[in-house]
Amino acid sequence: MSENSLLDHALVRLDEAARHLNIDSDVIEKLKYARETTKVRLMIRMDDGSRKSFLAWRCRYDDTRGPTKGGIRFHPASTAEEVETLAFWMTFKCAVMNLPYGGGKGAVQVDPRKLSKAELERLSRAYIQAFARIIGPDRDIPAPDVYTNAMIMGWMADEYAQIVGETVPAVITGKPIALGGSLGRGDATARGGYYLVRDLADELGLGGNMRVAVQGFGNAGQYIAQLLAADGHRIVAVSDSSGAVIAEDGLDLAALLAAKARGKSVLDTVGHAGHQALDSDALVGVDCDLLVPAALENMIHEGNAGSIKAGVVLELANGPVTAEADALLEARKVVVLPDILANAGGVTVSYFEWVQNKQGFYWPLEEIHERLRTIMVREGRAISNVARAKGVSMRTAAYVHALSRLAEAIEAHGTQSFFTT
Ligand code: GLU
């Protein structure tokens, strides 16, 4: 056991996948530990003139398949353990999609909602000052994650350019379009999941007019609700960090989006168009066909997995279902479309952004969508075939699929040197 119990839980999936592949034990040994995690304390000036410090990390988990790639999270509950676990998932996510990247992740332990815009900018710039020697367009490429967005990526790219003395747009993805961002990055996480569900709908037994419940109404949650509603599906319940709302005949999405745009909770719509308040804990047990966890880790666990009525769970969050809950859901024949596939649309369009930055040539939106759809469908079907051939869950199949690519790369690097950049 390592000192990181969150990572130990994540590694259960690696062990499970390894049992279905004939691979060298060296490969597993390499993938069990993060290669480097740097911790710093960022000090910034607050608007009232005081100084405040925040813990921050950047983890480069594994760079065998290419430069490490992964978002930066701003969250009060972030820890080194969480960052390493998220970076482990990025390693497998990039391998699932066959992107030429390893896995990384970063975080600042902060509640960004308590900072002014100027304080947030100072904190974002301080992060890059601290990690400028670690990141780089061919070394480690950050992106948005929970509570970070295009505006923050823009400040970060600008800070990096000032430090190195030239514009290097490919050092960070998820930037504003005006600073070399890609069309289609904003809704990419949700759109990837949407293409996956649409392609596998028949085999998953999902028809038209689905009832959908969405846990978490941030970037991924808001966009998946809109994409599915546009196809005629009904969004019956959504939640955010303040609470949840339900409407049997379908929620008024425009009202929910307007509340969020005003900085309010989804609870602000209670009483409007039949919206009723719902206990947040009850959301996973809502009567629906598709449940979309789009918030944080470990939201579906032993204690509530038994209440799930949906036949399919689309993991737009990272790590929303615990390993214990996986076993319960599998026994009940609930299909989980796993995070490392289901939410990989975000990093895939990040990859497109990086390619466009390196070429200095920008693609139209239709091209982004079509390329994303092609990759989601290709890898989704490949994983579904592995699941069927080996008689395993989609999660195990996704890990098997990624692990065989990682093993091939680890072996190709040779057995006598350990590739490090
Ligand atoms: N933070 C996102 C994820 O967890 C995106 C990472 C990226 O675009 O590099 O997949």
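Atoms within a ligand are numbered from 1 in the order they appear, just like the ligands themselves. Both backbone and side-chain heavy atoms feed into the values below; hydrogens, waters and symmetry mates do not.
Here Tyr101 and Trp354 bring their ring centres to under 6.0 angstrom of each other.
Shown here are the salt bridge (Lys or Arg N to Asp or Glu O under 4.0 Å) partners of Glu203, two or more places apart in sequence or in another chain: Arg388.
For residues 329-342, the set of pairs meeting the side chain to side chain donor-acceptor pair (under 3.5 Å) definition, not counting sequence neighbours, is empty.
Taking 4.0 Å as the cut-off between side-chain N and carboxylate O, Arg262 and Asp268 count as a salt-bridged pair.
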I'd like a table of donor-acceptor pairs (distance under 3.5 Å, sequence neighbours excluded) in which one partner is a side-chain atom from residues 102-109, with atom names and distances.
| unit_1 | atom_1 | unit_2 | atom_2 | d |
| --- | --- | --- | --- | --- |
| Lys105 | NZ | Asp145 | OD1 | 2.9 |
| Gln109 | NE2 | Ser78 | O | 2.8 |

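In this structure, the side chain of Asp158 does not engage the main chain of Ala161 through any donor-acceptor pair within 3.5 Å.
Within 4.0 Å of ligand 1, counting heavy atoms only, the contacting residues are Lys69, Gly70, Gly71, Met90, Lys93, Lys105, Ala143, Pro144, Asp145, Arg185, Asn318, Gly346, Val347, Ser350.
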